[in-house]
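Worksheet: the structure to be examined is printed underneath.
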Amino acid sequence: MRVFVFAYDRFDDMTTSLALEAEGIPHTVLCHTEEALERFVAGNTAKRERLIATGNGKGLANQRNSALDMMAEGEWALFLCDDIKKVTELRNYDRTTSATLPINLTNQNHYGKRFDNPISMSQFMLRAEQLVTKCETHSCKLGGFAGINNPLYRARHWGYNIMADGRAWVVQKSWLRFDTKAQMVDDVAWTALNIKHFRSEEHTSE
């Protein structure tokens, strides 16, 4: 699965590309201009061969549309923000078979510690592939990951027809494109468009 990192102004402190590079995971870093590209290279936050200057104006929606243009129809890709420092998942994930965890006010601290379990980027790539499989099962073209730390909001393994946090997505290319008039809330707009056109009909009540 192709991986895109969307870089903006973190010339000296972008972390995502370095984390991927450390584990030999191929990826493409999209920045806006040739000047920005040179500054990322000078800042040692991305290798030159990973970087592409799109020539787009400012805004994530523009960059994400460029990533879609680089993909084949029906292809899946992982879209990542540029400042990922660590990825965590529930400890003993593979032995957790229940779709809903019994998290409550009494045991939330226990589960909070279980969720604060760092994993490698390679392991995260495996989870992204598994998410793609889940999306395809329900004919969805967008999948996200937990965007909040509070264990009380993380009891269900899967959520449907809800907000997908734009910091990390799996996206399948279709005819749909990002609304370039919604630059500041592009992840909200993109989630809404996906729910409108590709909602999981078997979970419309959730």
Side-chain angles (χ1 to χ4, degrees), residues 1-10 14-17 20 25 27-33 36 51-85 87 121 124-125 127-150 153-154 156-206:
M1 180 166 54
R2 200 180 314 191
V3 180
F4 289 96
V5 178
F6 301 94
Y8 183 70
D9 282 4
R10 297 183 187 276
M14 179 169 64
T15 55
T16 306
S17 182
L20 294 166
I25 299 172
H27 60 283
T28 300
V29 181
L30 297 186
C31 61
H32 292 272
T33 66
L51 285 153
I52 294 177
T54 62
N56 290 329
K58 294 180 179 179
L60 267 172
N62 296 325
Q63 297 294 78
R64 285 169 166 162
N65 280 335
S66 287
L68 289 172
D69 290 341
M70 296 175 192
M71 296 164 60
E73 196 71 19
E75 181 183 1
W76 284 92
L78 178 62
F79 284 13
L80 297 175
C81 66
D82 60 2
D83 61 343
I84 291 177
K85 294 180 175 61
V87 181
M121 293 303 290
F124 179 55
M125 289 298 299
R127 300 308 181 209
E129 296 282 0
Q130 292 170 340
L131 178 56
V132 166
T133 299
K134 184 70 172 179
C135 287
E136 290 180 332
T137 299
H138 298 283
S139 299
C140 299
K141 298 184 182 298
L142 173 67
F145 300 85
I148 188 169
N149 288 327
N150 190 331
Y153 294 95
R154 300 178 68 179
R156 288 193 304 167
H157 189 158
W158 303 108
Y160 304 91
N161 304 324
I162 58 175
M163 173 65 186
D165 190 299
R167 288 173 289 183
W169 280 332
V170 291
V171 178
Q172 186 180 36
K173 180 175 178 174
S174 68
W175 55 267
L176 198 64
R177 292 296 181 272
F178 285 81
D179 183 353
T180 56
K181 296 179 181 178
Q183 296 285 1
M184 298 301 293
V185 289
D186 69 297
D187 55 348
V188 176
W190 184 243
T191 299
L193 283 171
N194 272 268
I195 292 174
K196 177 181 178 180
H197 296 289
F198 309 121
R199 67 185 294 115
S200 176
E201 294 298 338
E202 61 192 285
H203 297 97
T204 52
S205 63
E206 296 189 23

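Computed over heavy atoms, backbone and side chain alike; hydrogens, waters and symmetry mates excluded. Remember, predicted model here, so these are calculated numbers, not experimental data.
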If you look at every heavy atom in [X] and [Y], which pair is closest and at what distance?
{"X": "Val171", "Y": "Met71", "value": "O-CE, 3.7 Å"}
{"X": "Asp165", "Y": "Gly147", "value": "OD2-CA, 3.5 Å"}
{"X": "Cys81", "Y": "Thr16", "value": "O-OG1, 2.8 Å"}
{"X": "Val5", "Y": "Asp82", "value": "CG1-CA, 4.0 Å"}
{"X": "Lys141", "Y": "Ser174", "value": "CD-CB, 3.8 Å"}
{"X": "His32", "Y": "Asn56", "value": "ND1-O, 3.4 Å"}

Residues two or more places apart in sequence or in another chain: which of them pass side chain to side chain contact (heavy atoms under 4.5 Å, CB included) with [X]?
{"X": "Lys58", "result": "Tyr8"}
{"X": "Leu78", "result": "Met1, Val3, Leu80, Phe124, Met125, Ala128, Phe145, Val170"}
{"X": "Ala164", "result": "Leu142, Trp169, Thr191"}

Distance check, rounded to the nearest 0.5 Å: [X] atom [atom1] versus [Y] atom [atom2]?
{"X": "Tyr160", "Y": "His138", "atom1": "OH", "atom2": "NE2", "value": "3.5 Å"}
{"X": "Lys173", "Y": "Asp69", "atom1": "NZ", "atom2": "CG", "value": "5.5 Å"}
{"X": "Trp190", "Y": "Met163", "atom1": "CH2", "atom2": "CE", "value": "13.0 Å"}
{"X": "Arg177", "Y": "Asn65", "atom1": "CZ", "atom2": "CG", "value": "6.5 Å"}
{"X": "Ser17", "Y": "Ile25", "atom1": "OG", "atom2": "CD1", "value": "10.5 Å"}

| message | Set out, in order, the CA-CA distance, both residues' side-chain angles and the distance that settles side-chain contact (heavy atoms from CB on, under 4.5 Å) for Leu68 and Trp175, then state yes or no. | response | CA-CA 10 Å; Leu68 289 172; Trp175 55 267; over 6 Å; no
| Results of ring-ring contact (aromatic ring centres under 6.0 Å, His included) for His27 - residues two or more places apart only |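 Checked His27 against ring-ring contact (aromatic ring centres under 6.0 Å, His included); zero matches.
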| pair Arg127-Val87: side-chain heavy atoms closer than 4.5 Å |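 A side-chain contact under 4.5 Å is absent here.
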| Pairwise side-chain contact, Leu193 with Phe178, heavy-atom cut-off 4.5 Å (strictly under) | no
Would you find a donor on one side and an acceptor on the other, under 3.5 Å apart, between the side chain of [X] and the backbone of [Y]?
{"X": "Thr28", "Y": "Phe4", "value": "no"}
{"X": "Gln172", "Y": "Trp76", "value": "no"}
{"X": "Arg2", "Y": "Glu75", "value": "no"}

| Where at least one partner belongs to residues 180-196, residue pairs that pass salt bridge (Lys or Arg N to Asp or Glu O under 4.0 Å), sequence neighbours excluded | Arg64-Asp186
| query | Under 6.0 Å from the CZ atom of Arg167, do we count more than 12 heavy atoms belonging to anything else shown? | reply |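 Atom CZ in Arg167 is not crowded, with 12 or fewer foreign heavy atoms closer than 6.0 Å.
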| query | Would you find more than 12 non-hydrogen atoms of other residues, nucleotides or ligands less than 6.0 Å from Asn150 atom CG? | reply | yes
| Which residues pass the side-chain hydrogen bond (donor to acceptor under 3.5 Å, both in side chains) test with Asp83, sequence neighbours left out? | Arg10
